[in-house]
Each structure stands twice: as structure tokens, then as C-alpha cells.
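Please read the structure below before turning to the comments.
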Amino acid sequence: HVQLVESGGGSAQAGGSLRLTCVASGYTPSRYCMGWFRQYPGKEREGVAAITSDGRVSYAESVKGRFTISQDTAKNTVYLQMNTLKPEDTDMYYCAAIAPTRPGWTECPLQQAAYNTWGQGTQVTVS
């Protein structure tokens with residue numbers, strides 16, 4: 001099965017940037033979705049961005065134009081570049097995967113229920 005490990009969280013000032021990294025190991029199928037989610041204590045987990053195995057991306061409205069998801073398939077790694085950070089971006093960020101996806105998927109969902117593998121999370125704090 002797929003295992004996910006996130007890194008890159010930390011503290012930043014408003015307007016600053018951070019880059020999160022998620023490395024996948026174990027079973028890595030040719031068709032997959034990789035997503036980034038975030039959750040504040042007591043709130044529901046929110047989908048932030050997702051990318052298909054062939055590079056199609058989707059974003060939550062709240063981060064469009066500020067966050068960029070990308071991947072390095074040779075390294076089984078997905079990144080989340082977060083720019084123009086706001087205090088409301090403060091959350092625990094989780095990497096998640098749907099592996100494998102069904103043939104014909106052209107976009108990855110941003111609903112947590114669709115994902116079957118999760119990392120342990122990395123904290124992002126913006127002040």
C-alpha cells in the first residue's frame with residue numbers, strides 16, 4: 001500500500017511563503033490522485049489542491065492564485081507552494097492519495113471521503 005510523509009511546514013509571516021513536500025513510498029500505481037487538505041481543530045478537513053497522475057490540477061477557491069500544486073513523478077513527490085500566506089491559512093496540512101484511480105478520471109476531487117491514504121500532517125502557522 002501507499003505510504004505518505006509530509007514535510008515543510010512551519011511558521012511564516014503574513015504575505016510570506018512556504019513549500020510543503022509529500023513523498024509517497026510503497027505501492028505507487030500509474031493512475032492516482034494526490035491531494036493536499038487542511039484542518040483546524042474543531043473544523044472539517046478542507047480540500048486545498050489536488051493533482052492527477054498526468055498533471056491535471058484543481059484548487060479550492062480560497063487558495064486559487066496563491067497556492068500551486070506540482071509533482072516530480074520520478075521522485076514520487078508532490079509539492080504545495082504556498083505564497084501570499086494569510087493568517088487564516090494556519091492549519092494542519094495533510095497529504096492524501098487515491099491510489100489507484102479508475103480509468104478516465106480527468107480531475108481529482110477535493111472531498112476527503114474520496115481519499116484512501118493519508119499522511120501524518122504538518123503544521124503551518126501564519127502570523
If we only count heavy atoms from C-beta on, is the [X] to [Y] side-chain gap below 4.5 Å?
| X | Y | value |
| --- | --- | --- |
| T117 | H1 | no |
| M34 | C95 | yes |
| E6 | Q120 | yes |
| R45 | Y115 | no |
| P109 | C33 | yes |
| T101 | T52 | no |
| F67 | W36 | no |
| T68 | Y79 | no |

Can you name the closest pair of heavy atoms from [X] and [Y] and give their distance?
| X | Y | result |
| --- | --- | --- |
| A49 | Y59 | CB-CD2, 3.6 Å |
| E61 | K64 | OE2-NZ, 2.8 Å |
| L4 | A24 | CD2-CB, 3.7 Å |
| T73 | S53 | CG2-O, 4.5 Å |
| L18 | L85 | N-CD1, 3.8 Å |
| L20 | T122 | CD2-CG2, 4.0 Å |

**Item:** Any donor-acceptor pair under 3.5 Å from S58 side chain to C108 backbone
**Value:** yes

**Request:** May I ask you to decide if S17's main-chain N or O and Q81's side chain share a donor-acceptor pair within less than 3.5 Å?
**Result:** no

**Prompt:** How would you list all residue pairs meeting salt bridge (Lys or Arg N to Asp or Glu O under 4.0 Å) that involve residues 21-41, not counting sequence neighbours?
**Reply:** R38-E46, R38-D89, R38-D91

**Message:** More than 12 heavy atoms of other residues, nucleotides or ligands under 6.0 Å from CD of Q13: yes or no?
**Reply:** no

**Item:** Non-neighbouring partners of K86 that pass salt bridge (charged side-chain N to carboxylate O under 4.0 Å, His left out), sequence neighbours left out
**Value:** none

